[in-house]
Amino acid sequence: MKAMKKRDIWLLISILILASYLIFLIYPLLNLLKSAFQSKESGFTLEYFVKFFGKKYYFLTLWNSFKVSVCATAITLIIGVPLAYVYNMYEIRGRVALQMIIILCSMSAPFIGAYAWILLCGNSGVITKAVKSLFGITMPTIYGFNGILLVLSLQLFPLVFLYVSGAIKNIDSSLLEAAENMGCTGAKRFFKLIVPLCMPTILAATLLVFMRAFADFGTPLLIGQGYRTFPVEIYNSFFSETGGDYGFACATSVIAILITTVIFLFQKWCSGKFSFTMNALHPVERKKAKGAFNILIHLFCYLVTFVAFLPQLYILYESFRKTSGKAFVPGYSLASYQSALDVAGSAIRNTFVIGLSALALIIIMAVMVAYLVTRRRSALNTVIDTTSMLPYVIPGSVVGIALIMSFNKKPLILTGTMIIMVIALVIRRLPYTIRSSAATLQQIPITVEEAAISLGSSKMKAFLKITIPMMGNGIISGAILSWVTIITELSTAICLYTVRTQTLTLAIYTYVLRGNDGIAAALATILNLTTVISLGVFMRVSDSKDVTL
């Protein structure tokens, strides 16, 4: 009877988690799917899909998103893979600071980068004016495809860098020595040995970058200027000022889910073909490069990092400039920060209330799900594991729209509340934390729990007193990185917020659109500072000078 009770506790946890997924994920998605095929006048219909594929304008938005995503992914690989290689294979001066800056480039909200590049290279940008004045050259426009590609490439190449850095650390140095003895060195070793060994990781990074670029909402909306992309079209269809076409918005959302699912499955298939494991008994040791090559790799690392970090530096500079109304005037002051705190203090508070609430739920659910799918395998837990990965392939704006449509009427009205924003963040960020928690748990021998149970401890007590403390560093590290993505979230939040639930990211976006650059720059700097502190805590807790994914 006692053994039955122990089993029932974990069975109850499995049922509660699955019920949560059914209510807040599966039900909204089914509701979205139903609306995509249903018309108020004629019932079942395909008219929304016919409308999308029948008009060149709508299909062009899909093509634009593919074009931007593919090009951005290619550029991030061209930059990120060699950067990870030289960073991990050779001694680079100031490498710890360099890595911190590279990570910070990826953790700021993409639309902030777009905003900064407009200030730098827009029609009246600082660089645009300087180049025109000094050389008489008119720079290419930053708006449209070029600007979106620039922003996304510089925002996302750090993800490739972090992924590939982790893979290189798993390469045994004896393989490199064997290749060197056979005359395979330099670029030849990079393409013949390093790239094939890192291929599963490169494919995973490729998928993540493509998904992030394809689903990005703020960058094309801010810097696109007529270059319409798929996520923007979904948002405009639902939130049109003349009355949203909900059925059409749902249809385009379904198309987005199908596309990202196909890409995800294709990546999984490719990863399966290249799948293998590596254990570095003798980890790679960094060597000092010599001569011109040493100069070139330092120049490459510093130049890429500086260009990627330039937007954040300029935002910091702008935040201290004096303003008169919306315009900057000569001199410097803290007036923008004072104004920012006066007009957006509630947004800063909401960011921490909503973000920390979501983070607490993410940690609890991620640890529970990771334990269920790793230690207590069953058909029920396999369903939970599969369901937990669904948000990985769903764009943020689609999640927001699905939640609005499902919880704006009785019996459960959540639209316009902080609760629905917390739910959205949990749905969006939970898959990543589950995977990191499961990876940490797999490294803990199950014999430790079995020893505690053999000494009279219950399974739940062994889990709480033994397993969770041993997972501590991994949980905290994953939580901090999840926190950074939570506070920079825009695509879901912009669908769900009200004046009372506005967050820091939304406040920045609002003041950017209003042209109030001083307040926008001050708020963006506060957000970036929060990111810096979070990253510093992560590196302190993880007790590592290197960060990998």
Side-chain angles (χ1 to χ4, degrees), residues 94 97-98 100-134 139 142 147 150-151 154-155 158 218-219 222-223 302-303 305-352 484 487-488 490 502-537:
L98 201 68
M100 281 279 289
I101 294 171
I102 291 172
I103 296 169
L104 288 174
C105 293
S106 71
M107 290 185 173
S108 65
F111 78 90
I112 293 178
Y115 163 58
W117 280 111
I118 290 173
L119 295 176
L120 288 165
C121 299
N123 296 332
S124 302
V126 175
I127 296 177
T128 303
K129 287 181 176 180
V131 171
K132 181 71 173 178
S133 175
L134 295 173
M139 290 182 60
I142 193 70
L150 173 69
V151 173
L154 293 178
Q155 171 80 21
T219 303
L222 196 62
I223 205 172
Y302 292 153
L303 184 61
T305 305
F306 173 74
V307 173
F309 198 55
L310 180 59
Q312 294 191 46
L313 290 176
Y314 192 71
I315 288 292
L316 176 64
Y317 166 74
E318 291 279 82
S319 70
F320 289 104
R321 290 180 64 187
K322 281 186 179 180
T323 59
S324 177
K326 293 183 179 181
F328 289 111
V329 296
Y332 302 92
S333 74
L334 296 174
S336 292
Y337 286 94
Q338 183 61 53
S339 299
L341 293 174
D342 290 340
V343 301
S346 61
I348 297 172
R349 183 174 62 254
N350 289 341
T351 299
F352 283 90
V484 172
I487 62 176
T488 57
L490 176 67
Q502 187 182 51
T503 60
L504 184 54
T505 311
L506 290 164
I508 297 168
Y509 189 76
T510 300
Y511 283 102
V512 167
L513 293 183
R514 291 177 182 175
N516 202 321
D517 293 336
I519 293 178
L523 290 172
T525 302
I526 292 171
L527 184 61
N528 288 337
L529 180 61
T530 305
T531 304
V532 171
I533 294 171
S534 300
L535 184 59
V537 173

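A 4.5 Å side-chain heavy-atom check between T323 and D517 finds every atom pair outside the cut-off. Residues Y115 and L119 have side chains in contact (heavy-atom distance under 4.5 Å, counting atoms from C-beta outward). The shortest distance between side-chain heavy atoms of W117 and L310 falls below 4.5 Å. In this structure, P158 and I103 have side chains that are not in contact, with every pair of non-hydrogen atoms separated by 4.5 Å or more.
What you find for S124 and K129 is that their closest heavy atoms are O-CE, 3.5 Å. Residues C105 and L154 share a closest heavy-atom pair of CB-O, 4.3 Å. When every heavy atom of R321 is checked against every heavy atom of Y314, the shortest pair comes out as NH1-OH, 4.1 Å. Nearest heavy atom pair, residue V343 against residue Y511, reads CG2-OH, 3.1 Å. I508 and A520 get closest at one heavy-atom pair: CG2-O, 4.1 Å. When all heavy atoms of L222 and A114 are compared, the closest pair comes out as CD2-CB, 4.1 Å.
Checked by atom type and distance alone, the side chain of T351 pairs as donor or acceptor with a backbone atom of L504 at under 3.5 Å. The backbone N or O of L523 sits nowhere less than 3.5 Å from a side-chain atom of S319 that would complete a donor-acceptor pair. Side-chain atoms of T128 come within 3.5 Å of backbone atoms of C121 as a donor-acceptor pair (strictly under, hydrogens ignored). Side-chain N or O atoms of Q312 include one that pairs as donor or acceptor with a backbone N or O of L104 at under 3.5 Å.
Residues Q502 and T510 bring a donor and an acceptor atom of their side chains to less than 3.5 Å of each other.
The aromatic rings of F320 and Y337 are tilted relative to each other, their planes meeting at an angle between 30° and 60°.
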Exercise. Where do T530 and V484 land on the side chain to side chain contact (heavy atoms under 4.5 Å, CB included) test, with the steps shown first?
Worked result: CA-CA 8 Å; T530 305; V484 172; over 6 Å; no
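The distance from atom OG of S339 to atom CG of L334, rounded to the nearest 0.5 Å, is 11.0 Å. The CD1 atom of I526 lies 12.0 Å from the OG1 atom of T531; values are rounded to the nearest 0.5 Å.
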